[in-house]
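A quick write-up on the structure given underneath.
All figures in this text were calculated on a predicted structure; none of them were measured in a lab. Letters A, B, ... are given to chains in the order of the sequence lines, protein chains preceding strands, and every chain is numbered from 1.
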Amino acid sequence: MRRLRKPTAVKHEIEKLLAAAAAELPGLEGQMPRLEVERARDAKHGDYASNLAMQLAKPLRRKPRDIADEIVARLPNTGLLAGVDIAGPGFINFRLSPQAFHQELAQIIDRGEAYGSSQLGAGERVLVEFVSANPTGPLHVGHGRHAAYGACVANLLAATGHQVHREYYVNDAGRQMDILALSLWLRMQELAGVTLPFPSAGYRGAYLVEIAGDALVDAQSQKLLPFVDHWAADAPPDAPDGDADLHLDALIAALRELLGPEGFAAVLQIGLRAILGDIRDDLAEFGVAYDEWYSERSLVDGGAVDRALSRVNDSGHTYELDGATWFRATALGDEKDRVVVRDNGSTTYFASDIAYHLDKRARGFDRLVDILGADHHGYVARVRAGLEATGEPPESLEVDLVQFVVLYRGDEKVQMSTRSGEFITLRELRDEVGDDAARLFFVSRSNEQHLDFDLELAKSRTNENPVFYIQYAHARICSVMREMETRGVDWDDSRGKVSLDRLTEAHEQKLMQALVRYPEMVEQAARQRAPQHIVHYLRDLANDLHAYYNAHRFIVDDDALRDARVLLILATRQVLRNGLGLLGVSAPASM
RNA sequence: GCCCCGGUAGCUCAGCUGGAUAGAGCGUCCGCCUCCUAAGCGGAAGGUCCCAGGUUCGAAUCCUGGUCGGGGCACCA
């Protein structure tokens with residue numbers, strides 16, 4: 001007889017039992033400490049353990065073991081537990097009943113892809129913004145880490161009952177775009193036979209030559225290449241004799257004058273479309289999907305920046321100094337005040353940032369998750385201050401910083417610079433090591449830690465990448481199923497479910513214990529925004545499967561035993577598949 | 001100078017909200033295919049959890065002060 005149980009982590013079931021028992025303790029008067037139930041680290045201690053009695057020792061002024069005795073005596077009777085012990089200084093150890101494991105196995109089979117998901121998030125609307133690289137060139141390896149991490153965090157939030165919106169903020173306005181247009185135009189001229197000096201601060205990457213070549217195929221583009229006589233002759237000198245940025249600005253102004261606003265915008269648009277298209281394709285191939293590509297230009301053109309600035313002004317948090325408008329961020333926790341309108345009248349990037357985050361709030365998102373590079377940690381305080389000044393809750397903004405990827409070629413560090421064009425692109429990396437390996441590699445370390453990425457190691461096919469190990473476990477199970485089919489052995493889950501008491505081997509026990517932990521791993525990984533927990537869990541689970549595989553045969557003559565074992569490995573396959581799915585890694589049927 | 005991140009086995013790193021004898025992979029050494037995939041399994045060796053104080057029944061974990069390494073501190077984006 002199977003009791004119906006709501007799909008929730010087993011751990012929470014135990015917490016409920018414990019809470020019910022402890023609530024009746026005399027002398028507590030509602031001062032319950034937070035319940036802590038954790039999985040036992042040592043199998044000798046059972047499956048779960050709680051330190052509740054030790055925590056209560058002080059408020060109740062009694063010995064932990066005595067308190068534990070009383071709690072255990074008050075535990076409601078349930079089929080979930082096979083035994084409860086008191087051990088050590090006062091731990092309460094819980095051992096799950098075989099029925100509890102069997103019920104969980106049945107749930108894995110019944111819920112399938114949904115197993116492990118929960119409603120913890122209670123439908124909270126979360127906007128996860130990630131990558132948002134400037135569309136001035138192809139994505140590089142660092143962006144790959146952002147993409148893999150952001151996609152996983154979004155998946156984890158979705159799996160725990162949040163309404164997730166995945167967004168890429170396209171910085172398609174501002175000076176970087178002007179530099180892009182200039183750089184592209186110079187390459188087009190070059191290909192048309194007119195070589196002009198290339199500014200040192202321009203985008204020098206070969207990809208722009210390619211885009212220029214494609215652009216020239218279109219007859220329309222010829223209009224963008226008028227005869228040039230004295231090209232920017234009055235521009236201040238370039239570096240190293242002069243200031244590279246001043247030189248660049250003069251060239252941009254000259255080009256704008258030469259082509260007119262429409263012509264300049266047309267060049268810019270060619271570059272933007274090509275590069276953004278490349279970024280979209282790259283991410284899509286990498287298995288990273290977005291709900292929205294949000295244009296900064298649309299924000300500016302729609303007047304959102306001006307509206308945001310007037311809201312900040314109305315709040316009284318601004319002042320004028322040296323011709324610029326400053327936001328008094330120091331009053332709201334930032335370490336210095338920030339300019340929002342420059343002395344030349346143009347708004348700063350920070351102004352757009354405030355507008356963008358206000359817009360996110362206006363679109364109805366409860367929580368704004370920004371996944372940013374570690375070099376952005378200074379932005380957290382100022383954007384929060386911006387939200388607060390405009391009446392939005394500053395804690396609605398959560399920033400998860402991703403530390404840098406440091407590339408190595410063997411022992412040698414690879415130097416990278418976007419403008420010089422010397423960098424390893426995400427696409428190159430994907431081609432070399434494969435999407436699965438790259439995705440898993442990127443999230444196997446905490447986002448807060450630097451990631452050393454050795455290209456030689458990652459490229460070598462004899463690598464130590466755990467992705468193969470985990471995928472192999474999945475493929476092996478598929479192989480067993482194929483073998484059963486070949487031999488004409490049939491199987492169905494209802495027969496498996498009634499035979500589960502035949503699973504008595506130590507390897508089987510270990511595997512079941514691992515499977516039961518999956519829902520709480522998902523919760524933990526989601527709560528901590530830490531996909532690496534899933535990676536480590538899956539590796540351990542794969543290990544348990546491989547050990548079982550080596551120790552026992554599944555396709556045995558004993559019908560009931562075979563049915564039970566096959567159900568166990570199918571449940572394992574399901575969990576492997578679900579976990580890999582969260583990571584965006586494929587689960588191949590054969591390798 | 002101020003701020004952020006880190007220091008755990010030879011190497012790369014896990015270690016949850018403080019919990020019981022600190023873990024994994026790789027590397028090293030020794031074993032295991034008549035068998036559903038050996039991209040596998042089992043075993044061995046390997047530790048001053050950077051240092052010093054503090055809080056606690058209990059600290060790799062929290063606090064303070066050092067130290068070493070990485071990064072950041074724009075009227076750039």
Assert: residue with more 5' nearest nucleotide on RNA chain B, out of A/Met484 and A/Thr347, is A/Met484
Query - Nearest-angstrom distance, P atom, B/A59 to B/A45 - result: 28 Å
Original post:
Using the rule for Phe, Tyr, His and the six-membered ring of Trp, do A/Tyr549 and B/G40 stack at under 5.5 Å and under 30°?
Top reply: no
Taking B/C36, B/C16, B/G19 as options, the one with an atom nearest any side-chain atom of A/Arg39 is B/C16
- Please state the C1' separation for the pair B/G70 and B/C50 - nearest whole angstrom. 16 Å
If pairing means Watson-Crick or G-U wobble with both distances under 3.5 Å, then the partner of B/C73 is B/G1
Answer for the Watson-Crick or wobble partner of B/A9, both distances under 3.5 Å, is none
Is there a donor on the side chain of A/Asn93 or the base of B/A20 sitting less than 3.5 Å from an acceptor on the other?
yes
Paired to B/G58 by Watson-Crick or G-U wobble criteria (both distances under 3.5 Å) is none
**Message:** Regarding A/His546, tell me which of base, sugar-phosphate or nothing describes its non-hydrogen contacts under 4.0 Å with the strands shown.
**Reply:** sugar-phosphate
Ignoring backbone atoms, test whether A/Gln449 places a side-chain nitrogen or oxygen under 4.0 Å from the OP1 or OP2 oxygen of B/A14. yes
- Item | Nearest-Å distance once atom C1' is located in both B/A9 and B/A24 | 11 Å
So, A/Glu335 and A/Arg382, do they make that salt bridge, N to O below 4.0 Å? no
**Message:** Would you say A/His536 places a side-chain N or O within less than 4.0 Å of OP1 or OP2 belonging to B/C13?
**Reply:** no
Exceeds 12 heavy-atom contacts within 6.0 angstrom, atom CD of A/Gln509
yes
Cationic tip of A/Arg517 within the cone over A/Tyr537's six-membered ring, i.e. under 6.0 Å and within 45° of the normal? no
message = Categorize A/Asn171 for me: base, sugar-phosphate, or nothing, with a 4.0 angstrom heavy-atom threshold over every strand shown.
response = nothing
| Side-chain donor or acceptor of A/Asn51 under 3.5 Å from a matching atom on the base of B/G19? | yes
Base orientation of B/C4, chi within 90° of 0 counted as syn, else anti, reads anti
Practice problem: Identify whether any heavy atom of A/Glu335 sits under 4.0 Å from a base atom; if not, whether one sits that close to sugar-phosphate; answer base, sugar-phosphate or nothing. | Solution: sugar-phosphate
What distance, rounded to whole Å, do you find between the two P atoms, one in B/U48 and one in B/G10?
-> 7 Å
On RNA chain B, more 5' by nearest nucleotide between A/Ala49 and A/Met591 is A/Ala49
- prompt: Between B/G40 and B/G27, how far is it from one P atom to the other, in whole Å?
  reply: 10 Å
- Verify the contact: side-chain N or O of A/Arg476 to OP1 or OP2 of B/A38, cut-off strictly under 4.0 Å; return yes or no. yes
task = Ignoring backbone atoms, establish whether A/Gln528 has a side-chain N or O less than 4.0 Å from OP1 or OP2 of B/U17.
result = yes
query: On the ring face of A/Phe264, is A/Arg256 found with NZ or CZ under 6.0 Å from the centre and within 45° of the axis?
result: yes
- Message: OP1 or OP2 of B/C2 versus the side-chain N and O atoms of A/Lys336: is any pair under 4.0 Å?
- Response: no
When both distances are under 3.5 Å in a Watson-Crick or G-U wobble arrangement, the nucleotide paired with B/A52 is B/U64
Per atom distances to the A/Tyr469 side chain, the nearest of B/C13, B/A39, B/G40 is B/G40
If pairing means Watson-Crick or G-U wobble with both distances under 3.5 Å, then the partner of B/C16 is none
Using atom C1' of each nucleotide, how far apart are B/G46 and B/C26 to the nearest Å? 14 Å
Given the options A/Asp47, A/Leu18, A/Asp85, A/Phe94 meets side-chain contact (heavy atoms from CB on, under 4.5 Å) only with A/Leu18
Using Watson-Crick geometry (N1-N3 plus N6-O4 or O6-N4) or G-U wobble (N1-O2, O6-N3), each under 3.5 Å, B/C36 is paired with none
- [ ] Could you give the distance separating B/C16 and B/C63 at their P atoms, to the nearest angstrom?
- [x] 14 Å
Exercise. Crowded around A/Asp492 CG? As in, over 12 foreign heavy atoms under 6.0 Å?
Worked result: yes
request  = Run the salt-bridge test on A/Arg439 and A/Asp436 with the 4.0 Å N-O cut-off and return the result as yes or no.
outcome  = no
Practice task
Using the C1' atoms only, state how far B/U21 lies from B/G72, rounded to an integer number of Å.
Solution key: 42 Å
Which of B/U17, B/C75, B/G40 is nearest the side chain of A/Lys11? It is B/U17
Pairing partner of B/G42, by Watson-Crick or G-U wobble and under 3.5 Å for both distances, is B/C30
